[in-house]
Asker: 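Please read through the structure below; I'll follow up with questions.
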Amino acid sequence: MSISLFDLSGKTALITGSSRGLGRAFAEGLAGAGARIILNGIDEARLQQTASEMQGQGLNTLTAAFDVTNEAAVVAAFEAFDRDGVDVDILVNNAGIQFRKPMLELASADWQRVIDTNLTSAFLVGREAAKRMAARGFGKIINVGSLTSELARATVAPYTVAKGGIKMLTKAMAAEWAEKGIQANAIGPGYMITDMNEALLSDPKFDAWVKGRTPARRWGRPEELAGTVIYFASGASDYVNGQIVYADGGMISVL
Ligand code: GCO
């Protein structure tokens, strides 16, 4: 097996929501495999900080600050890539927020905000990327799902619905875009050590539940997801489409 199957040299990867958390881990992993990285977020200063840190590690990193929930901003961002001669070969639809509240108390605006950020953005950015990937006959789209792509947990309904939608959007992308040379797949992270999960990590009862419910008996580290994303971004997965791989310490596989 040639290791070059996983070599991303000469490829450019756009990772949405990548100034921190899982998105940053995906960016660093793909950069480590040779890809040029375009970081995305809405906070330009934070993006620049992350880009400077990655450039300091010798990683080829650009930034593109735009709101992935704003269709006009997404279209404009890709038009700018076109003008600059930047081909997005790999797209990681990672942007996402969490909002924990029982549905009986949930405002529709909060519901909509989560759906827009965690699901609709993957369609908006995926569509613009796929238009250009199809013209070149090549593209890799990796959507970021969750354990909640399969199982529901109380108080995170909009997140769960969005992540379930991510799994099926991935299959819909495969249905329409595989013949155009695009492979669309998804990763389903387990309970990971991230800022988004700080409230859970600092709750002794929840921490104990995660460790008891996960066969690996621990939370995951963001950098542990890099291998799965590199696999889906590389030539190693050219005949894989519409799949979701759970990197979750085994949680989704056991009662
Ligand atoms: C929660 C967590 C989860 C994890 C992850 C699990 O409130 O249950 O935020 O949603 O972040 O998505 O796969």
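In what follows, every heavy atom counts, from backbone to side chain, and hydrogens, waters and symmetry copies are set aside. Start at 1 and go down the list; that is how both ligands and their atoms are numbered. Everything numeric here is computed off the predicted structure, so don't read it as measured data.
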Asker: Assess, by modelled atom type and distance only, whether the side chains of T155 and R100 contain a donor and an acceptor separated by less than 3.5 Å.
Answerer: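 No pair is found: no donor N or O on one side chain lies under 3.5 Å from an acceptor on the other.
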Asker: Give a yes or no answer on whether the side chain of N185 reaches the backbone of Q243 with a donor-acceptor pair at less than 3.5 Å.
Answerer: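 The answer is yes, because a donor-acceptor pair under 3.5 Å joins these two groups.
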Asker: Is the charged tip of K163 near the ring of Y159: under 6.0 Å from the six-membered ring centre and within 45° of its axis?
Answerer: yes
Asker: Does either side chain, that of S234 or that of K11, offer a donor lying less than 3.5 Å from an acceptor on the other one?
Answerer: no
Asker: Determine, for K140 against D238, whether the closest basic-nitrogen to carboxylate-oxygen distance falls under 4.0 angstrom.
Answerer: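 Here K140 pairs with D238 in a salt bridge, since their nearest N and O are under 4.0 Å apart.
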Asker: Near ligand 1, which protein residues have a heavy atom under 4.0 Å away?
Answerer: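 Q98, R100, S146, L147, R153, V156, Y159, P189, G190, Y191, M196, N197, L200.
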Asker: Is there a side-chain contact between L124 and V68 (heavy atoms, below 4.5 Å)?
Answerer: no
